Amino acid sequence: MQNPFNYSLFNSPQTQKPQIRTQTTQIREAETLTITGPTQLSGHVPISGSKNSSLCLLAATLLCSNSCLLHNVPTGLSDTKTMLSILRLLGAKIEFNERNKEILVNTDGVGRAEPCLGEMRKIRGGFFVIGPLLARFGEAVVGLPGGCDIGERPVDLYVRGLRALGAAVEI
């Protein structure tokens, strides 16, 4: 299968500049980018952190004593901000280093197993705090998750997983 981003590399003199053009294909009705030129493409592309991975890691800080330093967390997203709010309201202290894209989370001040219901309903990823709270306190009282634009989704996989680990779960 041909790559939709067609590019040709030539070993000709570097006096010519690569030409870039876009076109619409009849097959997919999608725009493609074609780069043709005498120079080899090279460089670096920074990859931003994953929101879903960051939500899991932020919730996992509840399992740690002292501080956790997380790198490359996408702090500008509403789900990430909500998870940070959930942790703060539980008693975590959070510091940002915007220049290095780092977050320092200290959960020593977390003293309860019941996160804010209003914040939990904003995002589906809020459910990630159940396991760490259960491990830390022996119980967790959380609201059902929300924040899903495609509608309600079941939580039975979470419930089955918690039960398989020996937790008594009431909905």
Side-chain angles (χ1 to χ4, degrees), residues 1 3-5 25 27-33 44-171:
M1 179 177 182
N3 184 342
F5 294 98
T25 62
I27 298 170
R28 291 191 202 142
E29 294 296 323
E31 205 170 278
T32 61
L33 178 66
H44 300 276
V45 178
I47 305 299
S48 64
S50 163
K51 174 199 70 155
N52 290 336
S53 296
S54 296
L55 295 178
C56 294
L57 290 172
L58 287 167
T61 63
L62 292 166
L63 293 169
C64 302
S65 58
N66 295 319
S67 296
C68 293
L69 182 63
L70 303 177
H71 302 273
N72 206 15
V73 176
T75 57
L77 303 176
S78 62
D79 284 11
T80 307
K81 290 177 183 178
T82 301
M83 180 61 83
L84 291 169
S85 176
I86 290 169
L87 294 175
R88 268 194 206 97
L89 292 168
L90 284 169
K93 292 191 180 1
I94 297 167
E95 297 177 28
F96 295 93
N97 182 335
E98 292 294 334
R99 195 177 114 232
N100 295 333
K101 296 185 179 182
E102 297 174 335
I103 296 180
L104 184 69
V105 181
N106 184 309
T107 59
D108 286 343
V110 174
R112 60 192 189 102
E114 195 168 339
C116 174
L117 179 62
E119 292 297 291
M120 290 291 291
R121 288 192 175 170
K122 288 182 182 178
I123 60 172
R124 182 154 180 90
F127 232 46
F128 295 148
V129 301
I130 293 174
L133 290 175
L134 184 60
R136 185 173 183 147
F137 296 108
E139 69 174 356
V141 180
V142 298
L144 291 174
C148 186
D149 291 338
I150 62 174
E152 288 187 26
R153 291 190 281 169
V155 294
D156 60 319
L157 290 176
Y158 294 101
V159 172
R160 281 192 277 158
L162 291 167
R163 286 183 176 148
L165 293 171
V169 180
E170 296 176 26
I171 296 181

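Being a predicted model, the structure only gives us computed values, none of them experimental. Because only heavy atoms are used, hydrogens play no part in the values below, and waters and symmetry mates are left out as well, while side chains stay in.
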Got a list of side-chain donor-acceptor pairs under 3.5 Å for residues 136-144, not counting sequence neighbours?
| unit_1 | atom_1 | unit_2 | atom_2 | d |
| --- | --- | --- | --- | --- |
| Arg136 | NH1 | Leu62 | O | 2.9 |
| Arg136 | NH1 | Thr107 | O | 3.3 |
| Arg136 | NH1 | Thr107 | OG1 | 3.3 |
| Arg136 | NH2 | Thr107 | O | 2.7 |

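Applying the salt bridge (charged side-chain N to carboxylate O under 4.0 Å, His left out) rule to Arg121 yields no partners; only residues at least two apart in sequence or on another chain are considered. The side chain to side chain donor-acceptor pair (under 3.5 Å) check on Lys51 picks up Asp79, with sequence neighbours excluded. For Thr75, the side chain to side chain donor-acceptor pair (under 3.5 Å) criterion is met by no residue, not counting sequence neighbours. With sequence neighbours excluded, no residue satisfies ring-ring contact (aromatic ring centres under 6.0 Å, His included) with Phe128. By the side-chain contact (heavy atoms from CB on, under 4.5 Å) test, Ala135 pairs with Leu63, sequence neighbours left out.
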Task: side chain to side chain contact (heavy atoms under 4.5 Å, CB included) between Ile103 and Leu84, intermediate numbers included - done: CA-CA 10 Å; Ile103 296 180; Leu84 291 169; 4.1 Å; yes
TODO: Would you sort out whether Ile130 and Tyr158 count as a side chain to side chain contact (heavy atoms under 4.5 Å, CB included), showing the intermediate values?
DONE: CA-CA 9 Å; Ile130 293 174; Tyr158 294 101; 5.6 Å; no
- [ ] Run the numbers on Thr61 and Leu70 for side chain to side chain contact (heavy atoms under 4.5 Å, CB included), then give the verdict.
- [x] CA-CA 9 Å; Thr61 63; Leu70 303 177; 4.2 Å; yes
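Among residues at least two apart or in separate chains, salt bridge (Lys or Arg N to Asp or Glu O under 4.0 Å) pairs with a member in residues 104-120 are Glu119-Lys122. A ring pair (Phe, Tyr, Trp, His ring centres under 6.0 Å) check over residues 45-96, counting only residues at least two apart or in different chains, returns nothing. Applying the salt bridge (Lys or Arg N to Asp or Glu O under 4.0 Å) test to every pair with at least one member in residues 53-78, sequence neighbours left out, gives no pairs at all. Sorted by first and then second residue, the salt bridge (Lys or Arg N to Asp or Glu O under 4.0 Å) pairs involving residues 53-76 (not counting sequence neighbours) form an empty list. Residue pairs satisfying the salt bridge (Lys or Arg N to Asp or Glu O under 4.0 Å) criterion with at least one member in residues 94-107, sequence neighbours excluded, are absent. Within the structure, side-chain hydrogen bond (donor to acceptor under 3.5 Å, both in side chains) pairs that include any residue of residues 160-171 comprise Asp156-Arg160 (at least two apart or interchain).
With hydrogens and angles disregarded, no donor-acceptor distance shorter than 3.5 Å links the side chain of Ser85 to the backbone of Lys81.
Separating the CG atom in Leu69 from the CG atom in Asn106 is a distance of 12.0 Å, to the nearest 0.5 Å. Residue Leu57 holds its CG atom at 11.0 Å from CG of Asn72, rounded to the nearest 0.5 Å. Residue Ser78 holds its OG atom at 8.5 Å from CD1 of Ile123, rounded to the nearest 0.5 Å.
Closest approach of Leu55 and Gly125 over heavy atoms only: CD1-CA, 4.2 Å. When all heavy atoms are compared, the tightest approach of Pro74 to Gly49 is CG-O, 3.6 Å.
Proximity of Leu90 to Leu133: side-chain heavy atoms (C-beta onward) are separated by under 4.5 Å at one or more points. Within the 4.5 Å cutoff, the side chain of Leu58 has heavy atoms near those of the Thr80 side chain. Looking at heavy atoms from C-beta onward, Val129 lies in side-chain contact with Met120 at the 4.5 angstrom threshold.
Checked options Ile94, Leu104, Val105; the residue passing with Ser67 is Leu104 (criterion: side chain to side chain contact (heavy atoms under 4.5 Å, CB included)).
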